[in-house]
2 protein chains.
Amino acid sequence: MAATIKDVADLAGVNPSTVSRVLNNAGLAVKEETRQRIMEAVRILNYKPNAVARSLRTRFTQLLGMVIPDISNPFFSILFKGAEAAASEKGFNIILGNTDDQKAREEALIQELRDRQVDGLILATAQVDGALENMSLEGYPYVFVNRRPRETAGRYVVADNIKGAKLAIDHLVALGHTRIAHISGPLYTDVGLARLEGYRLALKDHGLPFSFENVVESEHNEEAGYWSALELFRKSPEVTAIFAANDPIAIGVMTAVYERGLEIPGDISLVGYNDLPVVSKLRPPLTSVRLPLFEMGYKAAEMLIKIISGEPLEQDGIVLEPRLMVRESTARMKG
Amino acid sequence: MAATIKDVADLAGVNPSTVSRVLNNAGLAVKEETRQRIMEAVRILNYKPNAVARSLRTRFTQLLGMVIPDISNPFFSILFKGAEAAASEKGFNIILGNTDDQKAREEALIQELRDRQVDGLILATAQVDGALENMSLEGYPYVFVNRRPRETAGRYVVADNIKGAKLAIDHLVALGHTRIAHISGPLYTDVGLARLEGYRLALKDHGLPFSFENVVESEHNEEAGYWSALELFRKSPEVTAIFAANDPIAIGVMTAVYERGLEIPGDISLVGYNDLPVVSKLRPPLTSVRLPLFEMGYKAAEMLIKIISGEPLEQDGIVLEPRLMVRESTARMKG
DNA sequence: TTGAAAGCGCTACCAT
DNA sequence: ATGGTAGCGCTTTCAA
């Protein structure tokens, strides 16, 4: 049986409250000699405070909940790493829950975590609503990461998707491309919409026409990317560059391009988004927009802990800058 | 403020202990009418038991700790997913800690998790010792996954590395290769040793000579794989097939092979290990030994929960079977 | 079938 | 500077 605070108090010949004072209130009045005796007893008994008992009393668990669609996706696992790094610096740990992108699981998980009395939630998931309204209503601390809630209020840490899309298009235009297509993500998501918007704005900036002929809406995965590329070739066979809304889509596009007997970047320049580790290993290595994922996770946890601690926030949201990783899938326009 | 069991009891006009009985001991004697009244009160107040208070009383947190070197490595994140799936089925959640392969962080983390009173630990990390001895001494529940402890006692869930290596070599031999090299992992790890042993045994099975000329010891990463391949080419330029101890090593080998102006699989057949998602995207897609990672994580959590619940275990360890995913990096011997 | 009460280990308030 | 004590919310034993 592990030693309790009472054991320490008995051994040191003091009251448990004194032990607690020594251990917790660094700046509080305790005679040096008493402190010594107590620390010695702690050492002898190898005493570790019981976090559960402390939590019950203080009403803080020093535990964060993080809800993620798919931890095996490096995108999210790097977010988690960032969050964990910040949390651990402040003495917090994180309960991680994977939703497999299922809304029911997501809501159940949020409830589960709250019942466990986690001090706050980091939400990296797509759709939250019912559970969320309760949360904001009751003033429960939570922070969105990689997603900026539209309807619901809430703090967030995101990357600038409009800027990211512009980086991609600027690059392609600089290489001489004018017929640039976009395979967008789902347009019911803020991410999908923002990247499309960035694409549109960048074309406009460069005096290039925007046309829905050159846009195909896709899901955020490889297979959907493949089929969307086929559809694009049907609609607009003359494009010379494609900006894909994320890397898996871009990988699907690659397959479709090769099937058509075309070369990358010889015939088609291709840009992805997120810069997952895998894309630098592709042939050719993919040019992609990199998000500061670790930093996003870090800042989200940091922000959440500030909210929990009642520290004032300078801002409700943090928007981080993406940057373009240029690789071999993009090249100067032929001719 | 959230409702407590006392609020429910008051509303239902009963004692808190009766509420507790209704909520927890499904099979216990409670008059149907009372139960109804209580459930109604629970509903009205939207009562959720406070897990912290319950944990303090029952001495179980229904929380598992999982220690992982690097969650952004898909190898580990899939292990985690499996563990989380099993845990969540049994009403457990998992606190995940990332160690970045740093021993100090690892030990601190284990201590942290124990102080939090997690009911048990799943250890996917490389080196644990000091902290571990305490754990086994005090009968604290823990399970190793993907690693079978040598010196320390302990339950484990691993894949059969000797078998996996044999699968790789059998395949290469079947393709007509006889000069098969092995770039091994670190030989101070059980994983590295076991794969080397499988390589040696398989050669013997096929009546092929084993020689240290054809073995280079490497670290488990891409760069080390690259340098090890260079060393191999120096020692044994005539090899026609290479079995790499894991996928990152194999990727490093690829780079070295291409630099030498050789083709895969034309000149050199190459087999990796772990079958990370990325390897099917390489050019050529890599033949690799696949481990049932999700299942390993699942079984590890399941085993741990059994230990926690005091259920008897049929066995101290579970060894799962790998299988070979044949792709285009291996081909029949020329000539 | 239900109630009363103790107590898990800790902190924080109030005394002294 | 330190001790005493109440109580966080729950479960569980004992009694009725």
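We name chains A, B, ... by the order of the sequence lines, and we start the count at 1 in each one. All values reported here derive from a predicted model rather than from experimental measurement.
Annotation: the span from B:E84 atom CD to A:T99 atom OG1 amounts to 9.0 Å, rounded to 0.5 Å.
For the residue pair A:S17 and A:R21, a side-chain donor N or O sits within less than 3.5 Å of a side-chain acceptor on the partner. Side-chain contact check for B:N93 and B:Q62: no donor-acceptor pair (N or O, by modelled atom type) lies under 3.5 Å. Using modelled atom types, one finds a donor on one side chain and an acceptor on the other under 3.5 Å when comparing B:Q36 with B:E32. Side-chain polar atoms of B:R105 and B:N98 form no donor-acceptor pair below 3.5 angstrom.
Between B:L56 atom CG and D:dT12 atom C1' there is a gap of 14 Å when expressed in whole angstrom units. What separates CG of B:D10 from P of C:dG3 is a distance of 11 Å, to the nearest Å. The distance from atom NZ of B:K6 to atom P of C:dA6 is 16 Å, rounded to the nearest whole Å. For the pair A:N24 CG and C:dC10 C1', the interatomic distance rounds to 9 Å; values are reported in whole Å. As a whole-Å value, the separation of B:K48 NZ from D:dC10 P is 13 Å. Residue A:I5 contributes atom CD1, which lies 15 Å from atom P of D:dT2 at whole-angstrom precision. One can place CD of A:E32 at 13 Å from C1' of D:dA1, the figure rounded to the nearest angstrom. With rounding to whole Å, B:E33 atom CD is found 13 Å from C:dT2 atom C1'.
Residue B:T58 is in sugar-phosphate contact alone, with no base atom involved, counting any heavy-atom pair closer than 4.0 Å across all strands shown. No contact: B:V52 has no heavy atom under 4.0 Å from any strand.
When distances are taken from the side chain of A:Y47 to each of D:dT11, C:dC10, D:dG4, the shortest belongs to C:dC10. For A:T18, taking side-chain heavy atoms from C-beta onward, the closest of the listed nucleotides D:dT2, C:dG9, C:dA12 is D:dT2. The nucleotide whose nearest atom lies closest to any side-chain atom of A:N50 is, among D:dC10, C:dG9, C:dT11, C:dG9. Counting only heavy atoms from C-beta on, B:R54 has its side chain closest to D:dC10 among D:dC10, C:dG9, C:dG3. Taking the side chain of B:T4 as heavy atoms from C-beta on, and the options C:dT2, C:dA12, D:dC10, the nearest nucleotide is D:dC10. When distances run from any side-chain atom of A:A53 to the nucleotides D:dG9, C:dC10, C:dC8, the shortest one goes to C:dC10.
In summary, of the residues considered (B:L64, B:I95, B:I110), a side-chain contact (heavy atoms from CB on, under 4.5 Å) with B:V118 occurs for B:I95 alone. Just one residue in the list A:V143, A:L304, A:V145 forms a side-chain contact (heavy atoms from CB on, under 4.5 Å) with A:R155, and that residue is A:V143.
Comparing B:K31 and B:R57 against DNA chain C, the residue whose closest nucleotide sits nearer the 5' end is B:K31.
The phosphate of D:dT2 (OP1 or OP2) has no side-chain N or O of A:N15 nearer than 4.0 angstrom. Within the 4.0 Å cut-off from OP1 or OP2 of C:dT2, at least one side-chain nitrogen or oxygen of B:T34 is found.
Atom NZ of A:K81 has more than 12 neighbouring heavy atoms from other residues, nucleotides or ligands inside a 6.0 Å radius.
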Under 3.5 Å, N/O pairs linking protein and nucleotides 13-16 of chain C:
none

